[in-house]
Number of protein chains: 2
Amino acid sequence: MARTRGSVGAETEKAIRKAAVELIAKHGFEAMTLRDLAEHVGLQPGSIYRYIATKDQLLVDIMAEHMETLIAAWRAADRPDADPRLRLEGFVDFHIRYHFQRQKEVVIANLELRSLTPDARRACVALRKTYESELRGILEAGIVQGFFTPTDSGIATNAIISMLTGVCFWYSPKGKLSADDIIAIHKRLVLGGLSGTPRGEAKIIPLAAGRN
Amino acid sequence: MARTRGSVGAETEKAIRKAAVELIAKHGFEAMTLRDLAEHVGLQPGSIYRYIATKDQLLVDIMAEHMETLIAAWRAADRPDADPRLRLEGFVDFHIRYHFQRQKEVVIANLELRSLTPDARRACVALRKTYESELRGILEAGIVQGFFTPTDSGIATNAIISMLTGVCFWYSPKGKLSADDIIAIHKRLVLGGLSGTPRGEAKIIPLAAGRN
DNA sequence: TTTAGAAACAAACGCTTGTTTGTTTAATGC
DNA sequence: GCATTAAACAAACAAGCGTTTGTTTCTAAA
């Protein structure tokens, strides 16, 4: 054989991407063979090279595209002028919901940084930092306005991101709890952790208006 | 050459372990070659097989040993009859401090589960669950005794573990904050998140006695 | 001092990997 | 209907992989 009947390049490219995401998330980038990938798409190994420059570049494309759409999606959802507590709830909601939808990409973005070339790694780490600084901005605004207990915003950002991203690794849609349930629990953990006063005296600042 | 002057088996074995932990944590298990490992120890590739049965088994040994000593160390540190809030603070303290000491092993234990054979993976996942259930026990005790806001203890356990383990991935001893600082911040985040009442009414239960 | 065993080397094994090359077939514009 | 291009195949490439084998050198007990 040669060219398959009905084959279209754009569709093949998408199929390769999808299969690659699946295989990398499942077995890891190094463990995924191009022969394995080709078989899942129904191609011969060499044919993949119509659509990718190199195996390394395939990973770079997947990771960079994921990070960029993540940042863009958040910026579209955020309301930078709102109450920091509302923004923070919104961030928790957005992060978990988005990550449920792209669980595999998230796993890849978090586990395969070390499989990238130094240059590509730097670029992806920078994108990650960009996303994290969005959360950090919320925390600092909340601290300045007196809603959150003063703390090191960098550490708190890392801690919260770790917690929220961890969801992707253990969440299963088949569990007894819905996504909404899990989001609600995490909202309470995060907001409580920032405004909490675990040792006695409480400083409660009531929330002004009341959407959400 | 053949046998090196002054070579002792026990020392070589430790050197192999150490180098393996370093290389796996840095590049991933699949990306680490036995040739690379041998070179770091100063051996020929084949000589490694005096000390390991197979490459897969090397990973199993590293992971299982780490999980077992982790569980044992925690059980030695825990005081099961103490106030759940104190136990929880103790857990945060222990977990972060222990994980700082064994940063590389922790990275491996968290990233390389998928590189294990199904049997080995099941065993390691079971060990992980054992450790997590220790934290879960504290949360449930705290909820029953009215110290923590009722919530799904399984989800909360996962969330807290994710947050605390995440430290290993971004912490550097060269940072401006000491381990103690970071631990303090995380204690507040965790305890505040569990006892926090982010929406208005506060329910504060003063802590009884006062060690720690 | 001799000898048994421990610790390493040197060299190769079969296999798999990412990738390249040349060819063949299907779709498409003139 | 024909030429061109797109999309795939088939086959091989060199390099690298985990692993095995047989041998050599050092150590330590007799």
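The chains referred to below are lettered A, B, ... by the order of the sequence lines, with proteins before strands, and numbering in each begins at 1. Because the structure is a prediction, the values reported are computed rather than measured.
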Undergrad: Can you check side chain to side chain donor-acceptor pair (under 3.5 Å) on S115(B) and E112(B), steps first, answer last?
TA: CA-CA 5 Å; S115(B) 296; E112(B) 303 296 348; 3.2 Å; yes
Undergrad: If you draw a 6.0 Å radius around CD in Q57(A), do more than 12 non-hydrogen atoms from other residues or ligands fall strictly inside?
TA: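 Yes, CD of Q57(A) has more than 12 neighbouring heavy atoms, counting only those of other groups under 6.0 Å.
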Undergrad: Which atoms of nucleotides 13-17 of chain C (N or O only) lie under 3.5 Å from a protein N or O atom, and what are those distances?
TA:
unit_1	atom_1	unit_2	atom_2	d
dT17(C)	OP1	T33(A)	OG1	3.4

Undergrad: Parallel, tilted or perpendicular: which describes the rings of W170(B) and H186(B), with under 30° parallel and over 60° perpendicular?
TA: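 Parallel.
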Undergrad: Rounded off to whole Å, could you give me the CD1-to-P distance for the I52(B) and dA8(C) pair?
TA: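 Whole-Å distance recorded here is 14 Å.
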Undergrad: Starting at CZ of R50(A) and ending at P of dT23(C), how long is that distance when rounded to a whole Å?
TA: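 Rounded to the whole Å, the gap is 16 Å.
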Undergrad: Between E39(B) (CD) and dA8(C) (C1'), how many Å, whole number?
TA: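 It is 16 Å, rounded to the nearest whole Å.
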Undergrad: So does R136(B) get a backbone contact from the side chain of S133(B), meaning a donor-acceptor N/O pair under 3.5 Å?
TA: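 No, S133(B) side chain to R136(B) backbone: no donor-acceptor pair under 3.5 Å.
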Undergrad: Anything under 30° is parallel, anything over 60° is perpendicular, the rest tilted; go ahead and classify F100(B) against Y171(B).
TA: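 F100(B) vs Y171(B) ring planes: parallel.
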Undergrad: Is there a side-chain polar atom (N or O) of S47(A) under 4.0 Å from OP1 or OP2 of dA7(D)?
TA: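 Looking at the OP1 and OP2 atoms of dA7(D), neither is under 4.0 Å from any side-chain N or O of S47(A).
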Undergrad: Rounded to whole angstrom units, what separation is found between the CG atom of L43(A) and the P atom of dA10(D)?
TA: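 Rounding to the nearest Å, CG of L43(A) and P of dA10(D) are 12 Å apart.
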Undergrad: Identify whether NZ of Lys or CZ of Arg in K55(A) sits under 6.0 Å from the centre of the six-membered ring of F29(A) and within 45° of that ring's axis.
TA: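 Yes, cation above the ring, under 6.0 Å and within 45°.
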Undergrad: Quick one: does D152(A)'s side chain get under 4.5 Å of I182(B)'s, heavy atoms only?
TA: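 No - every pair of side-chain heavy atoms lies 4.5 Å or more apart.
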Undergrad: What integer distance in Å separates I48(A):CD1 from dT20(C):P?
TA: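 Answer to the nearest Å: 14 Å.
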Undergrad: Is there a side-chain polar atom (N or O) of Y49(A) under 4.0 Å from OP1 or OP2 of dT21(C)?
TA: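 No, Y49(A) has no side-chain N/O under 4.0 Å of OP1/OP2 on dT21(C).
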Undergrad: Starting from P on dG18(C), measure out to CG on L23(A) and report it in whole angstrom.
TA: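 Rounded to the whole Å, the gap is 12 Å.
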Undergrad: In this structure, how many angstroms lie between the C1' atom of dA8(D) and the CD atom of E11(A), rounded?
TA: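 Distance check: E11(A) CD to dA8(D) C1' gives 15 Å.
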Undergrad: Expressed as a whole number of angstroms, how long is the span from L37(B):CG to dG18(D):P?
TA: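 Whole-Å distance recorded here is 10 Å.
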Undergrad: Answer yes or no: does a side-chain N or O of T54(B) lie under 4.0 Å from OP1 or OP2 of dT19(D)?
TA: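 For dT19(D), OP1/OP2 do have a side-chain N/O of T54(B) under 4.0 Å.
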Undergrad: Ignoring backbone atoms, test whether Q44(A) places a side-chain nitrogen or oxygen under 4.0 Å from the OP1 or OP2 oxygen of dA10(D).
TA: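 Result: yes.
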